[in-house]
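To keep things clear, I will list the structure first and then write my remarks on it.
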Protein chains: 2
Amino acid sequence: MVTIKDIAARLKVSASTVGRALADDPRISGAMKQKVHEVANEIGYVANRAARMMRGVSSNLVGLIVPDIRNNFYSTIAHALSKCLEQDGFQLTLSETDDDRAVELRHVRELISANVAGMILVPSAKLLPETVRLLKSMPHIQLLREQSSLGGQWFGLDDSKSLALAVEHLLQLGHRRIAYIGPSEELSTGASRLKGYRDELKAAHRWDAQLEMCGSPSDADFGRDALRRLLALPKPPTGVVLGGVQHTHSVVDECIALGIRVPDELSIVGYGDEAGFRWWGAGLTTISLPVSELATACGLWFLHQLRQRPAAMPRYRSVSSPTLLVRGTTRALTPSSPAAAPKRTRARAAAT
Amino acid sequence: MVTIKDIAARLKVSASTVGRALADDPRISGAMKQKVHEVANEIGYVANRAARMMRGVSSNLVGLIVPDIRNNFYSTIAHALSKCLEQDGFQLTLSETDDDRAVELRHVRELISANVAGMILVPSAKLLPETVRLLKSMPHIQLLREQSSLGGQWFGLDDSKSLALAVEHLLQLGHRRIAYIGPSEELSTGASRLKGYRDELKAAHRWDAQLEMCGSPSDADFGRDALRRLLALPKPPTGVVLGGVQHTHSVVDECIALGIRVPDELSIVGYGDEAGFRWWGAGLTTISLPVSELATACGLWFLHQLRQRPAAMPRYRSVSSPTLLVRGTTRALTPSSPAAAPKRTRARAAAT
DNA sequence: CTGAAAGCGCTAACAC
DNA sequence: GTGTTAGCGCTTTCAG
């Protein structure tokens with residue numbers, strides 16, 4: 001390994017001179033800097049980040065912690081952040097938690113010991129106290145989900161509004177029995193989405209606890225089971241709004257498996273907007289979220305925060321708004337087409 | 001920052017004892033190790049990797065370099081690798097190239113100066129000489145695309161077989177004019193896929209250069225344009241096989257935009273297998289690739305390679321096999337349903 | 001303008 | 001078993 005000492009020896013100057021020349025210290029003469037750079041290039045000098053980091057400087061690493069990178073949401077975030085941070089010479093590291101607190105803590109530990117400049121994370125449902133303690137000791141931003149125990153910065157979506165939009169849309173189409181399938185309430189996002197759904201329905205006096213289905217997004221079967229249970233109800237729903245990307249996936253799959261005719265038998269509003277959603281039937285009516293923009297804003301703020309380091313950052317919450325993308329999986333409920341009756345028989349038939 | 005000295009002070013022992021206890025050195029008594037770990041947890045000690053690295057050890061970082069993490073292919077790879085490497089305490093860093101050689105080189109430089117233990121990369125079409133030089137100086141594995149100038153290890157798919165499978169399927173269904181839309185030949189994968197397509201068709205004496213469309217996968221519009229041009233041909237194809245995930249996306253979009261009835265007017269075989277592909281019409285017939293398995297195998301081999309470090313690794317190539325997933329976008333071509341005629345008029349109508 | 005020297009936190013050789 | 005000591009490559013006082 002070639003060090004500043006090697007280049008100092010070649011130039012017959014001290015190591016500190018070389019160090020300063022490389023750091024573009026104003027006290028060093030232009031001529032010296034010139035020579036140092038020449039020799040450095042010549043003998044192929046590469047700064048040793050490890051040594052530099054030991055002197056207190058943090059690395060150019062930024063930790064990104066998400067549940068599962070395969071989820072379109074999170075890969076979009078990773079992409080946007082990577083692009084944004086790269087401009088300032090930062091490198092993103094990727095950690096996946098699978099929503100497991102213990103795994104999450106392990107990752108946070110690892111990242112701290114790797115001397116990351118900070119972390120951007122989608123926190124799991126309930127952080128371990130130790131994780132909170134560690135995070136508080138360094139720059140970090142929460143994405144999407146908000147853990148109030150952390151305080152600090154949060155960039156998220158208006159989750160209750162997104163579901164309110166979806167419900168409102170179905171109400172306007174004349175639906176009265178509108179079901180919800182979404183993430184568990186433990187997640188801040190899950191709680192907000194459920195609230196958005198519930199409040200909107202309650203305001204219309206159409207709320208029915210039986211139509212609420214909350215379950216883990218990482219359980220691939222939850223959405224399918226939930227849909228089947230809803231359809232088996234004595235008075236099944238005529239519309240379903242989804243509160244998660246994974247849930248949307250599994251509900252679409254189940255609709256296809258059961259042979260349900262959408263939107264004739266059932267109206268559906270999805271959550272999120274990935275390419276495949278356009279392709280189902282006449283296109284999935286869905287809630288579109290500005291995920292990429294959100295992540296970019298988060299990245300920019302993160303960089304800003306690093307520059308401001310000394311002063312503790314004030315609390316800051318940024319909320320981005322969803323929009324409803326009306327496509328082909330929702331339709332007006334006319335008195336002549338009572339969706340319930342035919343649906344159940346078809347579902348039963350297909351399931352057996 | 002809490003260091004081994006802090007915990008040494010609390011225990012009234014020397015720093016080296018603590019260091020050894022943490023490193024599970026056999027010379028340290030079990031009781032001592034026990035106590036050290038307790039105190040470490042209590043005061044929240046995290047090892048300082050920078051200091052460790054300075055002692056010669058390379059970091060626990062592994063660089064992953066892909067064109068675009070939003071691509072389902074690459075996020076699947078990132079997930080599998082992350083899971084695999086995590087077991088051995090390695091952390092994945094994420095770098096996106098957008099298939100830009102210069103960006104790629106920058107990333108490689110950055111990663112080297114960050115002291116990564118090695119890199120796993122999907123190389124761009126033609127690596128810069130400097131990139132080759134740098135990569136050769138450290139453990140690395142190529143994924144999917146193969147750059148022969150690098151030598152070394154490669155984990156990829158049997159690209160020509162995948163396209164051969166697709167073409168064979170359509171030939172058996174009676175198709176005679178089968179078009180191809182895929183990545184440019186500059187990419188090793190693009191070249192192989194085109195070859196698979198071409199060889200299979202030539203063997204059946206049905207090859208027609210006009211039906212080959214190769215273009216950059218990062219150009220979102222290429223697939224759509226290619227499809228339109230094919231359909232505008234005097235003798236348009238009755239079937240299309242795709243050679244890339246992005247191309248599949250855009251062709252599906254264009255089919256929907258043009259209102260083409262698939263498979264009645266046109267049979268289509270997609271490339272790759274993401275959730276959304278199941279949802280289009282009766283499901284997209286597609287080539288399924290064992291991407292996750294491939295990445296895991298690659299990760300395992302990478303770890304193996306790190307352990308063997310001293311000896312230069314021999315050349316090694318691993319080829320995984322694709323399978324054809326027959327769903328609803330391909331059908332037999334019967335003499336009574338000449339696909340060409342109605343298709344063109346519909347396409348024209350929809351386009352204007 | 002430049003040099004000498006003192007560490008950063010950890011590991012490893014060498015003592016006891 | 002455990003303590004002492006000497007650095008790893010770099011930055012950063014403090015002296016010239």
Side-chain angles (χ1 to χ4, degrees), chain A residues 1-40 43-61 89 109-117 134 137-138 309-310, chain B residues 1-40 43-61 89 112-117:
Chain A
M1 165 165 269
V2 34
T3 79
I4 51 169
K5 280 183 183 167
D6 296 318
I7 121 161
R10 294 267 291 232
L11 253 30
K12 294 197 206 303
V13 294
S14 79
S16 16
T17 302
V18 176
R20 283 196 270 254
L22 259 14
D24 201 27
D25 188 300
R27 296 176 295 185
I28 300 294
S29 71
M32 189 73 232
K33 286 179 187 169
Q34 182 71 21
K35 280 194 285 184
V36 167
H37 278 106
E38 273 167 20
V39 176
I43 64 180
Y45 167 81
V46 228
N48 183 330
R49 262 221 171 75
R52 201 167 268 175
M53 272 158 55
M54 267 202 40
R55 301 298 304 153
V57 190
S58 77
S59 74
N60 69 331
L61 256 34
R109 281 222 170 91
E110 277 292 324
L111 291 175
I112 288 181
S113 102
N115 232 307
V116 293
L134 290 173
S137 75
M138 65 154 35
R309 172 84 67 79
Chain B
M1 164 164 270
V2 33
T3 79
I4 51 169
K5 279 183 184 166
D6 296 318
I7 121 161
R10 293 267 291 231
L11 253 30
K12 294 196 205 306
V13 294
S14 78
S16 20
T17 301
V18 176
R20 284 196 270 255
L22 258 15
D24 201 28
D25 187 301
R27 295 177 295 183
I28 300 293
S29 70
M32 189 72 234
K33 286 179 187 168
Q34 180 71 20
K35 280 194 285 186
V36 167
H37 278 107
E38 272 166 21
V39 176
I43 65 180
Y45 166 81
V46 242
N48 182 330
R49 209 150 233 133
R52 207 166 263 175
M53 270 159 60
M54 269 203 38
R55 305 296 309 160
V57 194
S58 79
S59 76
N60 70 330
L61 257 35
I112 287 181
S113 106
N115 233 306
V116 293

**OP:** List the steps, then state whether side-chain contact (heavy atoms from CB on, under 4.5 Å) holds for A:L61 with A:N115.
**Re:** CA-CA 8 Å; A:L61 256 34; A:N115 232 307; over 6 Å; no
**OP:** Give, ordered by number, those residues of residues 43-53 of chain B having at least one heavy-atom distance below 4.0 Å to an atom of DNA chain C; if nothing qualifies, reply none.
**Re:** B:Y45, B:A47, B:N48, B:A51, B:R52
Original post:
Mind checking which nucleotides bracket the chain B contacts on DNA chain D, 5' to 3', with an atom under 4.0 Å from a heavy atom?
Top reply: D:dG1 to D:dG9
**OP:** Send over the distance from A:R27 CZ to C:dT2 C1', rounded to a whole Å.
**Re:** 9 Å
Original post:
To the nearest 0.5 Å, how far apart are CD in A:E38 and CG in A:L11?
Top reply: 9.0 Å
Original post:
Of A:A15 and B:I4, whose closest DNA chain C nucleotide lies nearer the 5' terminus?
Top reply: A:A15
Original post:
How far apart are the closest heavy atoms of A:A114 and A:S59, and which atoms are they?
Top reply: O-OG, 4.0 Å
For residues 44-57 of chain A, which side-chain donor-acceptor pairs fall under 3.5 Å, sequence neighbours excluded?
| from | atom 1 | to | atom 2 | distance (Å) |
| --- | --- | --- | --- | --- |
| A:N48 | OD1 | A:A50 | N | 2.8 |
| A:N48 | OD1 | A:A51 | N | 3.2 |
| A:R49 | NH1 | B:S113 | OG | 2.3 |

Original post:
Could you walk me through whether A:M32 and A:V18 pass the side-chain contact (heavy atoms from CB on, under 4.5 Å) check?
Top reply: CA-CA 9 Å; A:M32 189 73 232; A:V18 176; 5.8 Å; no
**OP:** Drop me the distance from A:M138's CE to A:I112's CD1, to the nearest 0.5 angstrom.
**Re:** 4.5 Å
Original post:
Taking B:K33 for the side chain and B:D25 for the main chain, is one N or O donor matched with an acceptor at less than 3.5 Å?
Top reply: yes
Subject >> Verdict with reasoning, B:I7 to B:V13, per side-chain contact (heavy atoms from CB on, under 4.5 Å) >> reply: CA-CA 9 Å; B:I7 121 161; B:V13 294; over 6 Å; no
Original post:
What pairs of residues pass the side chain to side chain donor-acceptor pair (under 3.5 Å) test when at least one of them lies in residues 2-11 of chain B, not counting sequence neighbours?
Top reply: B:R10-B:E42
**OP:** Would you work out how much the helix from C:dC1-D:dG16 to C:dC16-D:dG1 bends between its ends, with each end axis defined by five base pairs, to 10 degrees?
**Re:** 40°
Subject >> Side chain to side chain, A:L22 and A:V36, heavy atoms closer than 4.5 Å >> reply: yes
Nucleotide N/O of nucleotides 4-6 of chain C paired with protein N/O under 3.5 Å:
| from | atom 1 | to | atom 2 | distance (Å) |
| --- | --- | --- | --- | --- |
| C:dA4 | N7 | A:S16 | OG | 3.4 |
| C:dA4 | N6 | A:S16 | OG | 3.3 |

